[in-house]
Q: 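Quick one: this structure, given as structure tokens, is what I'll be asking you about.
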Amino acid sequence: MTDALRLEGLSREFPVGKRLFGKPKGIVHAVRPVDLSVEAGETLGIVGESGCGKSTLARMLVGLLPPTTGRIEIEGKPLDTADPAAFGKRIQYVFQDPISSLNPRKTIRQVMEAPLKRLHGMDRAARERRIAEIFDSVNLREEFLDRYPHEFSGGQAQRIGIARALAAQARILILDEPVSALDVSVQAQVLNLLADLKRELGLTYLFISHDLAVVEAVSTRVAVLYFGSVVEVGRAEDIFRAPKHPYTKLLADSAPVVGRPLSAPEGRETELPDPLNPPPGCPFAPRCPRATEACTGAMPALEPQTGHRVACIHPLG
Amino acid sequence: MKTVRLIFRNRLAAAGLVVLGIVVLLAILTPILPLADPDVTNTANRFRPVFAEGHLLGTDHLGRDLLSRLLWGTRLSLAVGFAAAVFAAVIGAGFGIVSGYFGGATDNVIMRGIDMLMAFPYILLALAIVAALGPGLFNALIAVAVVNIPFFARNIRGVTVGIAHKEFVDAARLAGLSHTRIILSEILPNVIPVIVIAMSTTIGWMILETAGLSFLGLGSQPPQADLGSMLGEARGALITNPLTSIVPGVMILVIVMSINLLGDGVRDALDPRLRSGALTRPRAATVVDRRAPVPAPRAEGVLTMTDLETQFHVGARVYRAVNKVSLHVAPGECLGVIGESGSGKSVTALSVMGLVASPPGVITGGSVRFRDAELIGATYGRLRELRGDRVAYIFQDPLATLHPLYRVGDQLVEAIRVHHRIPRAEAWDRAVALLKQVRIPNPESRAQSYPHEMSGGMRQRVGIAMALANDPDVIIADEPTTALDVTVQAQILSLLDDLRRERGLAIVFITHDFGVVAQLCDRVAVMYAGRIVEEGPTRAVLDAPAHPYTRRLIACVPELGAGRRRLEAIPGLPPAVDRLEPGCAFAPRCLKTEAVCVTREIGLAQAGNRAVRCLFPETDLKREAAE
Ligand SMILES: Nc1ncnc2c1ncn2[C@@H]1O[C@H](COP(=O)(O)OP(=O)(O)OP(=O)(O)O)[C@@H](O)[C@H]1O
Ligand code: SF4
Ligand code: SF4
Ligand SMILES: [Mg+2]
């Protein structure tokens, strides 16, 4: 089976405190070299806390942000131009904030037509037909087409965002927190729609979220990101039930779960590491209950090469 | 249309529009009006007074007809001012958009150039440009336009930067649009209102500046009349024949005043914040307009709400945001309020201390008691005494409560000293102790930090410290952890839990997360469309929900550890609270609806310590209570 998406050594740095001339004050490694592959037809969940590099990674995958190093291969073909239009036909993006991802001054029809016209050069009649088809598949009424974004609820707007991504006919969708802005009852509607579309159209998803329960419910595999690195990858049913990385365990223990007593699973003084001044070796070491001398030596690698992979010297379980 | 109506609501702007309209009309009609030739001199007839024969406004020092010169001059001045404004707006906005959209080096180069232009004093720059190009009206126009380019460029750049980072611009790039197309079809339509505002507020000054250059003899050349040159030529006779100065002077005043009044009106009308109806300043406390007698409390607690009703009156619509809500919380107790967006959780919380914005908010009924004191209808002074002192709030976004320009320690000191007259040093020690209490590492030095120097989790802890500053009896927390990461959320929740146990704090905790409610709250109330639909001890409600809405809401929340699966969605949306149908608000989405559900008001049926508002509950509460 070919991989829908393959990343090799993909990384991104940002200079901070930039000056007009001369060197910046510091460099933040938003994403450290990442190797990952996503099989066709699978949903890879990506979890991590704010600032861990989820969105930076996602934006590189669709060409909105050129990577500092590494390469991206989509359906077996490398893509090394950072041109979103070249990416657009093969991989699309669904944004977190459904309302702000729609131009307030454009009708939904104008929004839907852009990818059909620009990416596929369809004529008017063909566009009409295609839009009707897509709207049908995401359960939207065609009468919505001549309205403006502010007339829609969050759930409807997110459906429109999904419809726009489908219009590009990409087979891979990056879903960046697609339901975080929605109410729980509507969230379930959108998640179910995504599952149906995937089955009907044979799509591949990269599902980014900070909500572990949502990720577990929709993903085939899950990758856990900490401080710009993938620290654990495994099957969705295993990774939170039997985590191998101490950070994954911390995440799973922190999630509020009905029937589990309230506890702060870690000391209250801890804070995320300073991105400008990263700790040596394993970035989780300052918070890790299992840390030893060896952990501060070098960054542990993600091992083994396949299956349940973990970047830790003293994994759990 | 709406814009025009808003402009007319502003009297001054409407007056400006009318006056300007007349002036512009006259200027347009000048060529066909029966006027004397403005440039024909007749020195024998100089300095004639007003109403002289054949010269309504008299004549100037060369015996030319003043009325004719005035109208022709106005026509020219308006045209030049307008042309300069358009020129400056187009070029300035062009630079601003390109600079803001592309950012990086392009931005740097353009903005440095603009800064250089701005470094020269305004009028000097204009003079230098005219000196270089030579005098003449067209050159004066260029000079005035150029000195105004930076204003447009900077304004538009700022707006563009904001828009260029919006997600819809990324979406357009992924839809295959080129940069040019994105600028033209995505960015431009969104900045045009700003350009119009900037133009309407500067065009008056541009007319004035052109007149200034003409006054100095650098603009229009004799015998051509514009308002500035008329003033300039009249200068010699200012004392002996003031009329020749007054006529163009008054016209300049009229034009500039009317344009500026209108410009302010346009700005207000296009400003989205003002558009949304908030043209008036909000009151210090929510307006109370109770028609019915104040109900007596039916439950014991430090804080007791009884049949609280809060509405928003927007135009002819009435939004029943909070509809006869009764809640109570005892010392040391944590009450959870759960519900979807728009169900009225926040408005309920804000009504307690009269913090709902008025207009449009109005408290139309019910009672809120803090101990024995009635809060609804209490004076603003009394509310302010209690706000933050006895009843404190924690909001979702701590940045909303923290001032960005003051150190957090100083803000805590301020919060303490508002209510307690203690020396600064003592208050500072107390502030540091509070930071320590909310487990901020290294509180002595952290008190010196500004809010933006802290992480989201830290700021929320400062928010909690602020709420605790005066050792309140009740804390109302509105989604305090929704914006935080799970690990930080766990820390904050356990901190709140400790505080209520240690200090006997009563907490009202608003959230939409069942996991959080289950872990922190003793009792929970479920809200739907402004009403409580179910209430009871957390365990009981979660284990055996009685209202169909509660049951299905619990079912559609994925829970960690349950594996991959299809979620139970609730089709449809909550109803709009300005159009509530009679009967059960959940009926359109409920699977058990029967005709009786929508015929009459359904009461909250109490059984033991639980209550439900449903005719066909999922759990028989009476039987449960009996067991
Ligand atoms: N300033 C306002 N003008 C008009 N209506 C308002 C205003 N503020 C709130 N409302 C309406 O009052 C109702 C209750 O809103 P409220 O903010 O209390 O909901 P909530 O339960 O806190 O939702 P969320 O989970 O989104 O915070 C909603 O229908 C809302 O549209
Ligand atoms: S490598 Fe060491 S510090 Fe890092 S997670 Fe594993 S045990 Fe903890
Ligand atoms: S009252 Fe009727 S419609 Fe309303 S929740 Fe109960 S069964 Fe459903
Ligand atoms: Mg709210």
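Note on naming: letters A, B, ... go to the chains in the order of the sequence lines (proteins, then strands), and numbering restarts at 1 for each one.
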Q: Go through the structure and list residues passing ring pair (Phe, Tyr, Trp, His ring centres under 6.0 Å) with B:H179, not counting sequence neighbours.
A: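 For B:H179 the ring pair (Phe, Tyr, Trp, His ring centres under 6.0 Å) partners, ignoring immediate neighbours, are B:Y101, B:F102.
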Q: Among residues at least two apart in sequence or on other chains, which ones pass side-chain hydrogen bond (donor to acceptor under 3.5 Å, both in side chains) with A:Y205?
A: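 Scan of A:Y205 (side-chain hydrogen bond (donor to acceptor under 3.5 Å, both in side chains), adjacent residues dropped) gives none.
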Q: Identify which part of A:V218 has an atom lying under 4.5 Å from any heavy atom of chain B, answering side chain, backbone, both or neither.
A: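 For A:V218, backbone heavy atoms alone lie under 4.5 Å from chain B.
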Q: Quick one, A:S101 with B:K166, criterion side-chain contact (heavy atoms from CB on, under 4.5 Å). Give me CA distance, side-chain angles, the key distance, then yes/no.
A: CA-CA 7 Å; A:S101 75; B:K166 287 258 167 75; over 6 Å; no
Q: Give, as side chain, backbone, both or neither, the part of B:Q489 having an atom under 4.5 angstrom from any heavy atom of chain A.
A: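 Contact with chain A involves the side chain of B:Q489 alone.
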Q: Could you give the distance from CG (A:L251) to CG (B:D485), rounded to the nearest 0.5 Å?
A: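 That separation rounds to 8.5 Å.
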Q: If you count heavy-atom pairs under 4.5 Å with chain A, which of B:L177, B:D497, B:L553 comes out on top?
A: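 So the answer, after comparing B:L177, B:D497, B:L553, is B:L177.
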Q: Got a sec: does the NZ of B:K436 have more than 12 other heavy atoms crowding it under 6.0 Å?
A: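 No, the 6.0 Å shell around NZ holds no more than 12 heavy atoms from other groups.
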Q: To the nearest 0.5 angstrom, please state how far the OG atom of B:S341 sits from the CG atom of A:L182.
A: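 The OG atom of B:S341 sits 10.0 Å away from the CG atom of A:L182.
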Q: Between B:A175, B:A518, B:A105, which shows the greatest number of heavy-atom pairs under 4.5 Å with chain A?
A: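 Of the options given, most contacts go to B:A175.
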Q: Let me know if A:A168 has heavy atoms under 4.5 Å from chain B in its side chain, its backbone, both or neither.
A: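 Contact with chain B involves no heavy atom of A:A168 at all.
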Q: Between B:R173 and A:L64, is a side-chain contact (heavy atoms from CB on, under 4.5 Å) present by the stated rule, with each step listed?
A: CA-CA 8 Å; B:R173 293 182 65 194; A:L64 286 172; 4.0 Å; yes
Q: Can you check side-chain contact (heavy atoms from CB on, under 4.5 Å) on B:L174 and A:K89, steps first, answer last?
A: CA-CA 8 Å; B:L174 287 168; A:K89 276 194 245 184; over 6 Å; no
Q: Applying side-chain contact (heavy atoms from CB on, under 4.5 Å), run through B:E340 and A:S185 and close with a yes or a no.
A: CA-CA 8 Å; B:E340 292 181 79; A:S185 75; 2.6 Å; yes
Q: Does any non-hydrogen side-chain atom of A:P104 lie less than 4.5 Å from one of B:F168?
A: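 Side chain of B:F168 against side chain of A:P104, heavy atoms only: contact under 4.5 Å found.
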Q: Report which part of B:L573 has an atom under 4.5 Å of a heavy atom belonging to chain A: side chain, backbone, both, or neither.
A: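 Contact with chain A is through the side chain of B:L573 alone.
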Q: Side chain from CB out, backbone as N, CA, C, O: work out which of these in B:L493 comes under 4.5 Å of a heavy atom of chain A, or both, or neither.
A: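 Both parts, backbone and side chain.
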Q: Quick one: pull up CD in A:E216 and CG in B:L560 and give me the separation to the nearest 0.5 Å.
A: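 Output value for this atom pair is 5.0 Å.
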Q: Closer than 3.5 angstrom, by distance alone: can the side chain of A:Q189 be matched with the main-chain N or O of B:G572 as a donor-acceptor pair?
A: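 Here the side-chain-to-backbone pair exists.
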Q: How close do B:T487 and A:R287 get, heavy atom to heavy atom, and via which atoms?
A: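 Scanning both residues completely, I find the closest heavy atoms to be OG1-NH2, 3.8 Å.
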Q: Can you list everything that forms a salt bridge (Lys or Arg N to Asp or Glu O under 4.0 Å) with B:E186? Sequence neighbours excluded, please.
A: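 Salt bridge (Lys or Arg N to Asp or Glu O under 4.0 Å) list for B:E186, sorted by chain: A:K106.
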Q: For A:S153, is it the side chain, the backbone, both or neither that has a heavy atom under 4.5 Å from a heavy atom of chain B?
A: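 Interface part for A:S153: side chain.
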Q: Could you walk me through whether A:R59 and B:D170 satisfy the salt bridge (charged side-chain N to carboxylate O under 4.0 Å, His left out) test, starting with their C-alpha distance in whole Å, then the side-chain angles of each, then the deciding distance to 0.1 Å, before giving a yes or no?
A: CA-CA 9 Å; A:R59 290 169 63 81; B:D170 287 339; 2.7 Å; yes
Q: Between B:V486 and A:S254, what is the shortest heavy-atom contact and its length?
A: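 Minimum heavy-atom separation between B:V486 and A:S254: O-CB, 3.6 Å.
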Q: At a 4.5 Å cut-off on heavy atoms, which part of A:S180 comes close to chain B: side chain, backbone, both, or neither?
A: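 Contact with chain B is absent: no heavy atom of A:S180 under 4.5 Å.
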Q: Please round to the nearest 0.5 Å and tell me the distance separating atom SG of B:C556 and atom CG of A:L191.
A: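 CG of A:L191 is found 10.0 Å from SG of B:C556.
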Q: Taking all heavy atoms of B:P558 and all of A:A217, pick out the closest pair and write down the distance.
A: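 Distance-wise, the nearest heavy atoms are CB-CB, 4.2 Å.
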Q: Heavy-atom pairs under 4.5 Å with chain B: which of A:E237, A:Q92, A:R105 has the most?
A: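 Ranked by heavy-atom pairs under 4.5 Å with chain B, first place is A:R105.
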Q: Between B:S178 and chain A, with a heavy-atom cut-off of 4.5 Å, which part of the residue counts as in contact: side chain, backbone, both or neither?
A: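 Neither part.
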Q: Is chain A contacted by the side chain of B:R181, its backbone, both, or neither, given a heavy-atom distance below 4.5 Å?
A: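 Side chain of B:R181 only, per the 4.5 Å heavy-atom cut-off to chain A.
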Q: Heavy-atom cut-off 4.5 Å, strictly under: side chain, backbone, both or neither for A:A236 against chain B?
A: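 Neither part.
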Q: Of the backbone (N, CA, C, O) and the side chain (C-beta and beyond), which part of A:Q96 lies under 4.5 Å from a heavy atom of chain B, both, or neither?
A: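 A:Q96 touches chain B through backbone and side-chain heavy atoms alike.
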Q: Only heavy atoms, only distances under 4.5 angstrom. Which residues in residues 187-196 of chain B are near chain A?
A: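 Only B:P189, B:N190, B:P193 of residues 187-196 of chain B have a heavy atom under 4.5 Å from chain A.
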Q: Measuring from atom CG of A:N192 to atom CD of B:E568, what distance do you get when rounded to the nearest 0.5 angstrom?
A: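 Result: 8.5 Å between the selected atoms.
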Q: Does any backbone or side-chain atom of B:D513 lie under 4.5 Å from a heavy atom of chain A? Answer side chain, backbone, both or neither.
A: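 For B:D513, the side chain is the part near chain A, not the backbone.
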Q: Which bit of B:R539 is near chain A, if near means a heavy-atom gap under 4.5 Å: side chain, backbone, both or neither?
A: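 Answer is neither: B:R539 stays 4.5 Å or more from chain A.
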